[in-house]
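Reading through the structure tokens given below for one structure.
As the structure is a prediction and not an experimental result, all values here were calculated from the model.
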Amino acid sequence: MFEARILVVEDEIPIRKLIVFNLQRSNFEVLEAGDGKEAIQLVHDQSPALVLLDLMLPDMDGFEICTKLRETHPELPIVIVSARGQDMEKIMGLELGADDYIVKPFNPLELVARIRSVLRRTNLAAPKSPVNEIRTGPFVLELKTQRFYKSGKLVKLTAREYQLVKLFFARFNEPITRDELLDEIWGVNYFGDPKTVDVHIRRLREKIEDDPSQPIHLKTIWGFGYCFHESEKQE
């Protein structure tokens with residue numbers, strides 16, 4: 001069973017095929033469009049869960065397509081993928097209703113991670129049963145009270161640290177990119193220093209790891225991001 005149906009709107013065939021390959025490998029069903037007219041028709045006919053939209057298309061500008069889709073499908077998640085990486089273009093895309101903006105060239109793993117992030121935020125991923133607390137290894141996260149315990153002892157977290165723990169606990173053993181952490185915790189419009197993620201991770205490790213210099217739970221995935229392991233036994 002596919003995770004979700006994604007429409008890839010890209011006129012450059014090699015780039016489109018690369019995106020399609022990586023999405024299919026990640027268990028997504030993929031639709032393809034080479035221009036704006038075809039993309040709009042596929043949205044009407046096939047109801048994708050998310051649209052990956054290039055800006056430079058042969059028949060119309062991607063910003064125009066984004067506007068049209070927002071008018072007819074206001075809840076449809078749209079992720080712009082473009083070589084146009086100026087800050088003003090990113091801002092324009094987000095202001096027109098895009099849920100994320102990814103600049104080419106991109107890491108295929110990051111692209112997939114950010115697609116999943118957008119799907120979660122827009123509630124189009126498969127819903128999970130609500131829970132009041134999450135337990136793993138020595139840790140307990142109480143969602144109602146926003147309290148966090150290790151081995152029965154309360155660990156005092158800042159608001160950001162709590163948000164990080166909650167995200168990691170929702171995605172045990174799944175690598176999460178720094179950019180995705182920024183988008184999820186600080187918001188897609190955050191333009192501050194991305195190293196703030198590393199600073200918060202270091203402080204969080206000081207609170208939850210027995211030896212922060214040799215973490216066994218909150219591990220670094222070099223060149224990618226971070227991953228929270230469920231138990232001490234996992235490597």
Residues in salt bridge (charged side-chain N to carboxylate O under 4.0 Å, His left out) contact with Glu142, at least two apart in sequence or another chain: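 Expected list: none.
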Sequence-distant partners of Asp198, salt bridge (charged side-chain N to carboxylate O under 4.0 Å, His left out), two or more places apart: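 Listed in chain order: Arg178.
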Charged N-O contact under 4.0 Å between Glu161 and Lys207: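 Counted as a salt bridge, because a side-chain N and a carboxylate O are separated by less than 4.0 Å.
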Residue pairs fulfilling ring pair (Phe, Tyr, Trp, His ring centres under 6.0 Å) with at least one residue in residues 11-45, sequence neighbours excluded: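 Qualifying pairs: His44-His73.
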Counterpart residues, side chain to side chain donor-acceptor pair (under 3.5 Å), relative to [X] (two or more places apart):
{"X": "Arg205", "value": "Thr220"}
{"X": "Gln41", "value": "Asp45"}
{"X": "Gln46", "value": "none"}

Near-ring test Phe168/His217, centroid separation under 6.0 angstrom: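 Ring-ring flag for His217/Phe168: false, centres at least 6.0 Å apart.
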Within the 6.0 Å centroid threshold, strictly below: Phe148 and Tyr162: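 That pair fails the under 6.0 Å test.
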Side-chain donor-acceptor contact under 3.5 Å, Glu89 with Ser82: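 No, Ser82 and Glu89 have no side-chain donor paired with an acceptor closer than 3.5 Å.
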Between Thr177 and Asp179: side-chain donor-acceptor atoms closer than 3.5 Å: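 Distance-only check fails for Thr177 and Asp179.
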Residue from Arg114, Arg121, Arg120, Arg70 passing salt bridge (charged side-chain N to carboxylate O under 4.0 Å, His left out) with Asp99: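 That would be Arg70; it is the only one of Arg114, Arg121, Arg120, Arg70 passing the salt bridge (charged side-chain N to carboxylate O under 4.0 Å, His left out) with Asp99.
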